[in-house]
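Remarks on the structure that follows.
Not measured: the values here are computed from a predicted model. Any value given below was found using the heavy atoms of this structure, including those in side chains, with hydrogens, waters and symmetry copies removed. Below, chain A is the first sequence line, B the second, and so on; all start at residue 1.
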Amino acid sequence: MSQEAKLNPGQIGAPSPAAGPQPRLSDVEARNSMASARKQRSLWGDAWNQFKKHRLAMIGLVVFVAMILITFIGNALYGRPYDSVFAYDSSVSPSMDNLLGTNSLGQDMLARILWGGRISLAVGIIAATIAIVLGTAVGAIAGFFGGLTDTILMRITDLFLSLPQLPLLLLITYLFSPSLQQWSNDRFGSVNVGVFLLIIVVISAFNWMPTARLVRASFLATKERDFVEAAHSIGATRGSLMLKHIMPNVLSPIIVAATLGVGTAIITESSLSFLGLGFPPGIPTWGSMLYEARQYLQTSPHESLIPGFFVFLTVLSINYVGDGLRDALDPRRTK
Amino acid sequence: MGIFVIRRTLISLVTIVIISMVVFGIVKSAPGDPYGELATNPSISPERIAELRDNLGLNDPIPQQYVLWATSYIRGDWGDCYSQCDSVAPYILGRIPVTIAVIGSSFILSLLIAIPIGVISAFRQYSLFDQFATTFAFLGFSLPTFFTGTLLIYIFGIRLNDTPLSLPFVFDRTTEGIWPNIQQSLMPVMVLGLASAASLTRFVRASMLEVLGQDYIRTARAKGLKEQSVVILHGMRNGMIPVVTVIALQIPEVFGGAIITEQIFSVPGIGSALVQSIRAADNPVAISITLMIAVLVVIFNVIADLLYALLDPRIKLA
């Protein structure tokens, strides 16, 4: 007690009745309450607190979540059909009656945007998830085992990286689409399931490489750390070393890559559809709406500009979320 | 250096062979038979179809078929077009220069935009200019090429043009002379250039920020050099090296962008030819263009690698 009093010069000269054990107790209490507050803060809580400070990332998150919600439940709420031709006047500009106007066939643009957005977002999210899982698996195995496994896997990764994505996507969709449509028609009664699966598979097949490289580099660096050696020495199996001990430490860059991957996949799907080589006509993805509206750019520009703007807005919001996550999950950047 | 060049070239040749195997594998594993339609024709006997298939070499073992396919490519015999042209090789080779010109000038444009903006952004980090530049880079980074192209046509071709029907920048092969050609290529080059400039600016800025924090920059300042020469001579010379790698990594993506841009602006390059050939179900053209783009990507990657080695003396030339 006296030691502490010496350390605190403010209290030496002024021994008031309040001074003594009283303030010290509250000090301890404060420290205790601080400690308990610290205990409750998890890694993810910290990241979330950090993320909340990034204003644009928060806006991006809100926009992206809103986009998912409105595209998945919007059609039911809005009520107008997306596909009935000549239901309304054709090529009407946006107004109070037709919020986003109609296209050249008299179909309601808002209904089509909502319906198509569901497909674009689903393709983007599913394809990015598959690509991330594949890339993480390849990178983790290459980085953990090293040696010949690493060399072979990384040569394959390099090969895929040097392949031109879009031309091959176009060629593969073109060559495989007819028979897959046939198969899907026989099996599911609709050609669209086959196209949906094909597009997801080809997009994810060409998007796993950056993640693989990233995860491999993180694994290489992390597996040499002392805690991994400690886990190894108490008999942790390879599987548990990889998944329980190393993986949580390399998760941050994977999460960021996954987020940005969704944006890339959405752009890729829209590009395919924009070239008229994605989903068959009649499925209004944002890209194919642009494809169909191109010839009317002069007379009714809203048909092109609205779907294009939706792609842009979605990708922009995803990129801002990715940016915010990068800052939030990187402990070195924490201020 | 000589050994490095030879080694790198050999590796890329192997890559090209493997890529050609991949393309061949894709084409081969695609369902469909060149004589599939004949099978339903009653006037052609199954024996005759088998004979035709045998003549085409469809009954040979797959590796033998690949060798035959690959050697005919090397000999310059790329087959005949189904509908778009007479012979594939001259058709595609005639269009490659256009694509290279568009991609090359868009790269120059993107460097002209990205380097000064990225360097100034890094030099004046968190300034108003930096904030504007990073925001615009972010917006540009999120803009898909097909939307930028459509927007540019809408703004410059329709809103700002008195005679809206004549879109002045849509390629038209009857135009002769240099000036009309430059005028026409402005829009596609802008779309492609802005797209790659956006992500390049971010890299230049990040790379320069890292370099400007180095000890040798402090040394340069300490010995009283002017700020200009610190940033340009000491900073940029080192900061630009990793940018070369980033450019190399962007090459496949730029070819993808070129396909879309050529399609939007009707540029007579290989990108628009690919899209048209697929729409017209012209398999020999589509397959050859895909292969050609893959080969071009590998070649440009080699050039970028050699440049990198030339610029950075620290790279081990082993």
Side-chain angles (χ1 to χ4, degrees), chain A residues 56 155-156 158-180 182-183 206 210 260 263-264 266-268 270-271 273-277 286-287 290-291 293-294 297-299 301 304-305 307-320 323, chain B residues 11-12 15-16 18-19 22-23 26-27 29-32 135 138-139 141-151 153-154 157-159 164-165 167 249 251-260 263-264 270-271 274-275 277-279 281 283 286-287 289-294 296-298 301:
Chain A
L56 284 165
R155 286 292 83 78
I156 296 175
D158 285 346
L159 176 73
F160 266 84
L161 272 175
S162 64
L163 289 174
Q165 203 201 77
L166 195 61
L168 275 172
L169 276 180
L170 293 175
L171 191 69
I172 294 174
T173 349
Y174 159 62
L175 289 175
F176 289 85
S177 192
S179 55
L180 258 171
Q182 183 67 42
W183 167 82
F206 284 102
L260 298 177
T264 320
I266 290 178
I267 290 191
T268 313
S270 309
S271 305
S273 304
F274 174 75
L275 294 172
L277 300 165
W286 290 339
L290 261 163
Y291 167 65
R294 266 186 59 205
L297 185 61
Q298 203 179 337
T299 48
S304 295
L305 301 183
F309 177 74
F310 268 84
V311 177
F312 170 57
L313 188 64
T314 310
V315 175
L316 184 68
S317 66
I318 293 171
N319 284 346
Y320 268 121
D323 206 43
Chain B
I11 291 177
S12 63
T15 316
I16 289 177
I18 296 174
I19 287 177
V22 171
V23 173
I26 290 170
V27 174
S29 58
T135 310
F138 217 90
L139 293 179
F141 184 64
S142 312
L143 264 174
T145 8
F146 58 84
F147 189 45
T148 333
T150 313
L151 267 181
I153 293 188
Y154 177 64
I158 295 174
R159 290 314 284 263
L165 269 179
L167 304 176
L249 282 173
I251 291 170
E253 210 178 309
V254 167
F255 270 94
I259 293 178
I260 294 168
Q263 184 61 22
I264 296 178
I270 46 175
L274 176 66
V275 178
S277 65
I278 288 180
R279 287 206 189 133
N283 293 19
I287 295 164
I289 292 179
T290 310
L291 198 59
M292 270 323 286
I293 294 180
L296 285 175
V297 167
V298 172
N301 267 324

Less than 4.5 Å to any heavy atom of chain A: does that hold for the side chain of [X], its backbone, both, or neither?
{"X": "Val27(B)", "answer": "both"}
{"X": "Leu139(B)", "answer": "both"}
{"X": "Ser277(B)", "answer": "neither"}

Check whether any side-chain heavy atom of [X] lies under 4.5 Å from a side-chain heavy atom of [Y], and answer yes or no.
{"X": "Ser304(A)", "Y": "Tyr154(B)", "result": "no"}
{"X": "Leu166(A)", "Y": "Leu274(B)", "result": "no"}
{"X": "Phe141(B)", "Y": "Val315(A)", "result": "no"}
{"X": "Ile289(B)", "Y": "Pro167(A)", "result": "no"}
{"X": "Ile259(B)", "Y": "Leu170(A)", "result": "yes"}

As an exercise: rank Ile251(B), Asn283(B), Ile18(B), Val297(B) by heavy-atom pairs under 4.5 Å with chain A and give me the winner.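 Of the candidates given, the most pairs with chain A belong to Asn283(B).
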As a quick check of understanding, evaluate side-chain contact (heavy atoms from CB on, under 4.5 Å) for Val311(A) and Phe147(B), giving each step before the final call. CA-CA 9 Å; Val311(A) 177; Phe147(B) 189 45; over 6 Å; no
Reported [atom1]-to-[atom2] distance for the pair [X] and [Y], which is rounded to 0.5 angstrom:
{"X": "Ile278(B)", "Y": "Ser177(A)", "atom1": "CD1", "atom2": "OG", "value": "11.0 Å"}
{"X": "Leu168(A)", "Y": "Ile293(B)", "atom1": "CG", "atom2": "CD1", "value": "9.0 Å"}
{"X": "Phe309(A)", "Y": "Leu151(B)", "atom1": "CZ", "atom2": "CG", "value": "10.5 Å"}
{"X": "Phe138(B)", "Y": "Asp323(A)", "atom1": "CZ", "atom2": "CG", "value": "4.0 Å"}
{"X": "Ile11(B)", "Y": "Arg155(A)", "atom1": "CD1", "atom2": "CZ", "value": "7.5 Å"}
{"X": "Thr15(B)", "Y": "Asp158(A)", "atom1": "OG1", "atom2": "CG", "value": "8.5 Å"}

For [X], which atoms come within 4.5 Å of any heavy atom of chain B: side chain, backbone, both, or neither?
{"X": "Arg294(A)", "value": "side chain"}
{"X": "Ser270(A)", "value": "both"}
{"X": "Leu305(A)", "value": "both"}
{"X": "Leu159(A)", "value": "side chain"}

Might you point out which heavy atoms bring Asn301(B) and Ser162(A) nearest each other, and give the distance in Å?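 For Asn301(B) versus Ser162(A), the nearest heavy atoms are ND2-CB, 4.3 Å.
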For Pro252(B) and Pro164(A), which heavy atoms make the closest approach, and how far apart are they?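 Where Pro252(B) meets Pro164(A) most closely, the heavy atoms are CB-CA, 4.2 Å.
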Could you have a look at Leu180(A), Leu275(A), Leu290(A) and say which one has the most heavy-atom pairs with chain B under 4.5 angstrom?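 Among Leu180(A), Leu275(A), Leu290(A), the one with the most close pairs to chain B is Leu275(A).
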Using a cut-off of under 4.5 Å on heavy-atom pairs, state which of Thr264(A), Ile267(A), Leu171(A), Thr173(A) scores highest against chain B.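 Option with the greatest count: Leu171(A).
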